[in-house]
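As the structure is a computational prediction, the values presented were derived from the model and not from experiment. We use all heavy atoms of the structure for the numbers below, so side chains are in, but hydrogens, waters and symmetry mates are not. A note on names: the letters A, B, ... follow the listed sequences, proteins ahead of strands, and every chain is numbered from 1.
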There are 2 protein chains.
Amino acid sequence: MIQDFETFKAELSLSKEEICRELYQENTDKIRIKKETTATRNLARIIDSTLRLANSKGFHAMTLRDLCSDSGLSMGGLYAYIRNKDDLIHLIQSHGFKLTRRTVLQYIADIRDPVEKLSQAIRAHVFLSELIRPWFYFSYMEAKSLPPVEKQNAVATEREIETIFCNIISEGIEQGVFRQINARLLSSLIKAMMQDWYLKRRKYREQGVSVEDFANQIRDLLQAYLLPVASGKLAVSHKATSSAT
Amino acid sequence: MIQDFETFKAELSLSKEEICRELYQENTDKIRIKKETTATRNLARIIDSTLRLANSKGFHAMTLRDLCSDSGLSMGGLYAYIRNKDDLIHLIQSHGFKLTRRTVLQYIADIRDPVEKLSQAIRAHVFLSELIRPWFYFSYMEAKSLPPVEKQNAVATEREIETIFCNIISEGIEQGVFRQINARLLSSLIKAMMQDWYLKRRKYREQGVSVEDFANQIRDLLQAYLLPVASGKLAVSHKATSSAT
DNA sequence: GTCTATAGCATGATAGAC
DNA sequence: GTCTATCATGCTATAGAC
């Protein structure tokens, strides 16, 4: 059960080092370095630089020389960690997907009420995307650069995330808590809105919108639409947290 | 006043040739070719190929050799139309922005009712993005590749589009037609949803969602949220066109 | 107005010293 | 385990024939 963003962050405790250690262990076959501590440290630098450079100028526009001078490694050194440039994409994407699915499912596991379940799923997704935003941004923008097999996998995973939301809504409809609407289409729109948080975060920052405001806004919008006329609308009104500009 | 998509398409009558002719006239200083008919014809081929290649593999991953063999021109021939590779980005982006603003403003010009005005603005934007989808997709994905000055311009234009929606909502609030909510934040979410149509159109196609279904779904979602409890919800219900899955 | 041929250069990748 | 030096490739861009 997620309270606020800071609690979520503390609970999950996802340090860069921690992520990269997991990442190393999943890729020991591709990485030539045997000592875990040095491998993790350098991997963290490589990925950090890749995300910064690729997210600002695009992955293809980033040269490996750029990457080396930013991360502090030499060309030779870098190639102890990757087989070729495209390996970098896979390295970053694969882990993000697993983490997202795991996190969202974990936070909605033992919630029954559809209204609350939907709200929690949104919070889990939006909060996680805030926590490792460069990862999300990169995965989204460089999906087209993936080799065909992995691209298919990426599309499938994305659909899976969307299905989680679709199921929550469908259950709500079956239970008579939500109105009868197109659950699949609405899930797609939910995903589109959530994505905007990591694709255009600067904009929201300038508007003074916090990550919690953002999640709440999506929740309120959905509840107004999903809950039936009589009971719903009133229940929403006193819960709504957004204010007029 | 927009009826259905087909009528919209016919009214606007935006052929590729037509767009490229306008584009030629706006860039006579950069293009070395003097005869309008040949220039327009070749420009159409160049842009067509650029959009296809860049949208599938990314602009930087596309080489000018790719572009030449796809468009049928030679390297030398191509350089009569552009100064360098980056010129292509500008060429494509600049025109799309103008077209979007012009179209949306045109279709909401003489509508008073905020509910209807919002609905029409959404339709105009979504329908236009359907009509010249490759343009929209390209502009979105390659925005980061723009030189700083033009990048700033792109961000400003996008904000302008969003402001159109913000103003419609604000007016609705002032008139007491809409509830008091954060108009700016909601506009951003509207934009996020509309964007998804051209970023992930394949997905919607697979779901069997038409461009009209899509625009209607956004409209219904917004009306449920914006209209006040008593009168609003009922008015929406009989208008809603979406169905359960 | 369009082509072929080529200059000039930066890139991804590797070999081998330390 | 990391570095420097170097290779081969393929890129953007141009010069000059037709």
Side-chain angles (χ1 to χ4, degrees), chain A residues 20-21 24-25 27-50 53-54 57-92 142 145-147, chain B residues 20-21 23-25 27-50 53-54 57-91 142 145-147:
Chain A
C20 288
R21 205 170 51 78
Y24 170 69
Q25 289 163 354
N27 292 282
T28 38
D29 50 329
K30 290 179 189 174
I31 297 173
R32 283 214 308 270
I33 309 303
K34 294 299 158 207
K35 232 172 84 183
E36 183 172 296
T37 53
T38 45
T40 317
R41 178 169 38 82
N42 282 334
L43 215 52
R45 293 201 297 178
I46 291 170
I47 289 180
D48 211 46
S49 294
T50 303
L53 293 170
K57 53 162 80 174
F59 181 74
H60 261 95
M62 171 196 81
T63 70
L64 295 186
R65 282 175 174 77
D66 287 342
L67 178 55
C68 286
S69 73
D70 191 274
S71 67
L73 274 89
S74 64
M75 287 292 274
L78 175 66
Y79 270 86
Y81 293 86
I82 56 168
R83 251 201 273 282
N84 54 53
K85 198 183 171 186
D86 283 345
D87 260 20
L88 270 170
I89 305 184
H90 173 71
L91 209 61
I92 294 174
E142 305 303 340
S145 310
L146 285 170
Chain B
C20 287
R21 204 170 53 76
L23 231 162
Y24 170 68
Q25 288 163 355
N27 291 281
T28 38
D29 50 329
K30 291 178 187 172
I31 297 172
R32 283 213 308 270
I33 310 304
K34 295 300 158 207
K35 232 172 83 184
E36 183 172 295
T37 54
T38 47
T40 317
R41 178 169 39 80
N42 282 333
L43 214 52
R45 294 201 297 177
I46 292 170
I47 289 180
D48 210 47
S49 294
T50 304
L53 294 169
K57 52 161 82 175
F59 181 75
H60 261 95
M62 171 197 80
T63 70
L64 295 186
R65 280 177 176 76
D66 288 340
L67 178 54
C68 286
S69 73
D70 192 273
S71 67
L73 273 88
S74 65
M75 287 294 274
L78 176 65
Y79 270 87
Y81 292 87
I82 55 168
R83 251 201 273 281
N84 54 54
K85 198 182 172 187
D86 283 346
D87 259 21
L88 269 169
I89 306 183
H90 172 71
L91 209 60
E142 305 302 342
S145 309
L146 286 170

Inset, instruction - Rounded to the nearest angstrom, tell me the gap between atom NZ in B/Lys34 and atom C1' in C/dT2. - result: 16 Å
Inset, instruction - State the CG-OG distance between A/Leu64 and A/Ser69, to the nearest 0.5 angstrom. - result: 11.0 Å
Inset, instruction - Could you tell me whether the phosphate oxygens of C/dG1, OP1 or OP2, come under 4.0 Å of any side-chain nitrogen or oxygen in B/Tyr81? - result: no
Inset, instruction - Provide, to the nearest angstrom, the distance between the NE2 atom belonging to A/His60 and the C1' atom belonging to D/dC11. - result: 13 Å
Inset, instruction - Round to the nearest Å and state the distance from B/Arg83 atom CZ to D/dT12 atom P. - result: 18 Å
Inset, instruction - Please figure out whether B/Thr38 or A/Ile82 has its closest DNA chain C nucleotide nearer the 5' end. - result: B/Thr38
Legend entry - Integer-rounded Å distance: D/dA13 P and B/Leu78 CG: 10 Å
Inset, instruction - Rounded to the nearest angstrom, tell me the gap between atom CG in B/Leu73 and atom C1' in D/dA13. - result: 16 Å
Legend entry - Closest to side chain of B/Thr63, choosing from C/dG12, D/dC3, D/dT12: D/dT12
Legend entry - Any donor-acceptor N/O pair under 3.5 Å between C/dG12 base and A/Arg65 side chain: yes
Inset, instruction - Rounded to the nearest angstrom, tell me the gap between atom CG in A/Leu53 and atom P in C/dT11. - result: 13 Å
Legend entry - Reported CZ-to-CD1 distance for the pair B/Arg32 and B/Ile82, which is rounded to 0.5 angstrom: 10.5 Å
Inset, instruction - Looking only at side-chain atoms of B/Met75, point me to the closest of D/dT14, D/dT2, C/dG1. - result: D/dT14
Inset, instruction - Establish, with yes or no, whether the OP1 or OP2 oxygen of D/dT14 is under 4.0 angstrom from a side-chain nitrogen or oxygen of B/Asn84. - result: no
Inset, instruction - Choose from D/dA13, C/dA13, D/dC11 the nucleotide whose nearest atom is closest to any side-chain atom of A/Lys85. - result: C/dA13
Legend entry - Separation between CG of B/Asp66 and OG of B/Ser71, rounded to the nearest 0.5 Å: 10.5 Å
Legend entry - Backbone of A/Ile89 reached by a side-chain donor or acceptor of A/Glu142 within 3.5 Å: no
Legend entry - Separation of D/dT2 P from A/Leu43 CG (nearest whole Å): 12 Å
Inset, instruction - Taking the side chain as every heavy atom from C-beta outward, state whether A/Leu91 and A/Thr50 have any atom pair closer than 4.5 Å. - result: no
Legend entry - Nucleotide D/dG10, atom P - distance to CE of B/Met62 in whole Å: 18 Å
Legend entry - Minimum-distance nucleotide (side-chain atoms of A/Tyr79 versus C/dA5, D/dG1, C/dT14): C/dT14
